[in-house]
2 protein chains.
Amino acid sequence: MNHESSLVNQLTDRLIAGELRPGARLSEAALAKEFDVSRNTLREAFRVLGEQGLVNHIPHRGVSVASPNTSDVIDIYRVRRHIECSVLENAPKNHPGAEEMRRAVEGAHAAAAADDWLRVGTLNMSFHNAVVSLSDSSRLMRSFGNVLAELRLAFLKVEVLDFLHAPFVERNQEVLDAYLNESPRGAAAKLGAYLGDSERQVLGAYARAGQA
Amino acid sequence: MNHESSLVNQLTDRLIAGELRPGARLSEAALAKEFDVSRNTLREAFRVLGEQGLVNHIPHRGVSVASPNTSDVIDIYRVRRHIECSVLENAPKNHPGAEEMRRAVEGAHAAAAADDWLRVGTLNMSFHNAVVSLSDSSRLMRSFGNVLAELRLAFLKVEVLDFLHAPFVERNQEVLDAYLNESPRGAAAKLGAYLGDSERQVLGAYARAGQA
DNA sequence: TAGCATGGATTGTTCAACAAGAATAGATCT
DNA sequence: AGATCTATTCTTGTTGAACAATCCATGCTA
């Protein structure tokens with residue numbers, strides 16, 4: 001494995017784990033020391049993360065963990081609606097991605113029963129990644145992955161607690177059922193409604209947290 | 001303006017101008033000398049372009065100009081269909097982006113009459129960027145811009161001549177008219193057909209050029 | 001208090017060096 | 001000749017130190 005690529009992965013892991021909080025400044029000197037790499041190598045990784053939207057880079061002011069505000073959240077959900085719904089609506093029957101969706105829903109049910117809400121959250125992301133995989137487009141999946149990662153930062157920022165995802169397990173189930181047994185259009189409509197509710201919940205958390 | 005950001009722009013310009021041909025290897029030493037920057041600074045720019053899909057980076061083998069093959073082209077058009085059609089179908093009436101679309105079509109007509117095919121190509125890109133701007137989503141526009149830039153490399157690779165865009169000026173006009181006067185669904189359908197024909201033309205050029 | 005110098009810290013960029021992997025050419029063997 | 005191994009060479013990966021450019025906080029001045 002490439003050193004730099006592994007560095008990007010390490011940084012990404014800590015970002016989505018919340019160890020590097022949204023808005024936190026990432027000092028080149030400090031992080032270089034912590035990860036035991038040179039400043040130049042670290043800066044290359046920063047450029048990658050910057051393009052992915054996980055960090056902001058302001059010239060001469062350094063990089064900081066992306067800290068999505070409400071308009072960012074709205075924008076992210078706009079992207080989700082366009083991509084996820086369009087993919088689902090145009091998805092073929094019997095796509096292998098459907099099996100991934102099924103596994104994610106099933107696992108989420110089990111995890112919810114076991115009160116393992118962290119796992120529920122992870123499987124929720126798997127479900128939506130599986131939806132986009134129905135497009136058979138690697139580029140769409142990459143862009144979508146970046147957006148989901150950014151949304152994860154939004155959750156962290158306002159501390160959307162994992163167990164709040166509980167109601168959405170059943171919603172995913174309904175989307176899957178509609179895709180399998182009804183029409184793609186119906187499934188896409190259910191998914192759109194899901195995304196609307198999810199967005200409202202996140203924006204509500206922002207309002208409670210008094211964040212822009 | 002930031003030095004590095006300007007370097008990315010310079011490199012992008014030369015890429016889409018075709019001065020750096022698809023598949024060409026980009027030697028760090030040579031390019032650093034040419035742009036009068038250090039290898040380290042150049043490498044930072046490479047990481048940005050890599051995330052944008054304009055260059056490929058293989059560890060220990062350096063970076064080369066992206067050279068989309070037929071499956072890349074197919075993937076790119078998949079993305080275009082999902083994004084452009086979904087945006088257009090869900091676009092509100094009276095969005096300011098419609099005025100941009102109109103200007104692009106009008107200008108393309110004039111440029112075509114003047115045999116200025118390079119300008120026709122540029123305005124064609126403006127038109128489709130304007131379509132995506134109907135989404136009011138900066139992230140969607142950014143991702144879409146990257147994909148269009150990559151498609152530009154595909155054109156360059158098989159030398160899709162600019163005047164081949166001629167029939168598409170009228171198609172854009174029809175899409176615009178449908179959006180303005182008919183239904184978003186109808187406009188999206190027309191755009192989808194447009195994209196199908198455009199994709200076929202590019203793939204045809206690939207077949208003639210004997211490229212994968 | 002508002003505005004302005006000043007010093008300290010951080011980022012931007014370069015350079016030279018070396019390690020590590022890949023590619024090339026040459027030598028060897030069958 | 002053709003294939004395979006090997007040594008050399010080239011390129012990339014990474015580092016550390018250095019300096020310039022810019023920002024930021026502090027305290028001074030009016």
Side-chain angles (χ1 to χ4, degrees), chain A residues 1-15 19-69 142 150 153 212, chain B residues 1-15 19-69 142 150 153 212:
Chain A
M1 177 59 80
N2 191 11
H3 202 171
E4 182 234 311
S5 146
S6 138
L7 178 57
V8 169
N9 289 338
Q10 286 179 65
L11 284 165
T12 304
D13 288 346
R14 299 183 69 155
L15 285 170
E19 291 173 45
L20 302 170
R21 306 282 310 207
R25 233 176 116 245
L26 300 179
S27 153
E28 292 185 356
L31 267 191
K33 193 173 193 177
E34 184 168 343
F35 285 89
D36 196 34
V37 295
S38 72
R39 273 182 63 214
N40 285 318
T41 300
L42 180 63
R43 282 169 61 90
E44 289 186 25
F46 277 173
R47 296 302 167 270
V48 172
L49 296 173
E51 278 305 298
Q52 293 177 346
L54 285 175
V55 303
N56 288 329
H57 175 213
I58 304 179
H60 291 286
R61 291 208 207 168
V63 314
S64 46
V65 182
S67 181
N69 57 24
R142 213 169 11 126
E150 209 179 338
L153 294 185
Chain B
M1 176 62 78
N2 190 11
H3 202 172
E4 182 235 309
S5 147
S6 138
L7 178 57
V8 169
N9 290 339
Q10 286 180 63
L11 284 165
T12 304
D13 288 346
R14 297 184 71 155
L15 286 169
E19 291 173 44
L20 302 170
R21 306 282 313 217
R25 240 185 102 230
L26 300 180
S27 153
E28 292 186 357
L31 267 191
K33 194 173 191 178
E34 185 167 344
F35 284 89
D36 196 34
V37 295
S38 72
R39 273 182 63 212
N40 288 356
T41 300
L42 180 63
R43 283 169 61 89
E44 289 187 24
F46 277 173
R47 295 304 166 270
V48 172
L49 296 172
E51 277 307 295
Q52 293 177 347
L54 284 176
V55 303
N56 288 328
H57 175 212
I58 304 178
H60 290 286
R61 293 207 207 169
V63 314
S64 45
V65 182
S67 182
N69 57 25
R142 206 160 24 113
E150 209 179 337
L153 293 185

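Proteins come first, then strands; the chains are lettered A, B, ... in the order of their sequence lines, and each starts at number 1. Because the structure is predicted, anything quoted here is derived from the model rather than measured.
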Can you identify which nucleotide, out of dT15(D), dG12(C), dT11(C), has its nearest atom closest to the Val37(A) side chain?
dT15(D)
Assuming nearest nucleotide by heavy-atom distance, tell me which of Asn40(A) and Arg39(B) is located more 5' along DNA chain D.
Arg39(B)
Which atoms form the tightest heavy-atom contact between Arg61(A) and Arg25(A), and what is the distance?
O-NE, 3.3 Å
Determine whether His57(B) and Arg47(B) make a side-chain contact, defined as any pair of heavy atoms from C-beta on separated by less than 4.5 Å.
yes
Could you check how far NE2 of His57(B) sits from C1' of dG21(C), rounded to whole Å?
12 Å
It should be established whether His60(A) places a side-chain nitrogen or oxygen under 4.0 Å from OP1 or OP2 of nucleotide dA9(C).
no
Distance in angstrom units between Asn56(B) CG and dT12(D) C1', rounded:
16 Å
Closest to the side chain of Arg25(A), out of dT12(D), dT15(D), dT10(C), is dT10(C)
Return the minimal non-hydrogen interatomic distance between Val65(B) and Leu153(B), and the atom names on each side.
CG1-CD1, 4.1 Å
Please report the distance, rounded to the nearest Å, between CD1 in Ile58(A) and C1' in dT10(C).
14 Å
Using whole Å, report how far CG of Leu7(A) lies from P of dT15(D).
9 Å
N/O donor-acceptor pair under 3.5 Å between Arg21(B) side chain and Ser67(B) backbone
no
Between Thr41(A) and dG13(D), does any side-chain N or O lie under 4.0 Å from OP1 or OP2?
no
Considering only dT15(D), dG12(C), dG13(D), which nucleotide approaches the side chain of Arg47(A) most closely?
dG12(C)
Length of the CD-P vector between Glu28(A) and dC23(D), whole Å
15 Å
Please give, in whole Å, the distance from dG13(D) P to Leu26(B) CG?
13 Å
Distance, rounded to the nearest Å, where Glu44(B) contributes CD and dT15(D) contributes P
14 Å
Write down the distance between CZ (Arg43(A)) and C1' (dT15(D)), rounded to a whole number of angstrom.
15 Å
With nearest nucleotides of DNA chain D determined for Gly62(B) and Arg61(A) from heavy-atom distances, which residue corresponds to the more 5′ nucleotide?
Gly62(B)
Answer whether the closest heavy-atom distance between the side chains of Leu11(A) and Leu31(A) falls below 4.5 Å.
yes
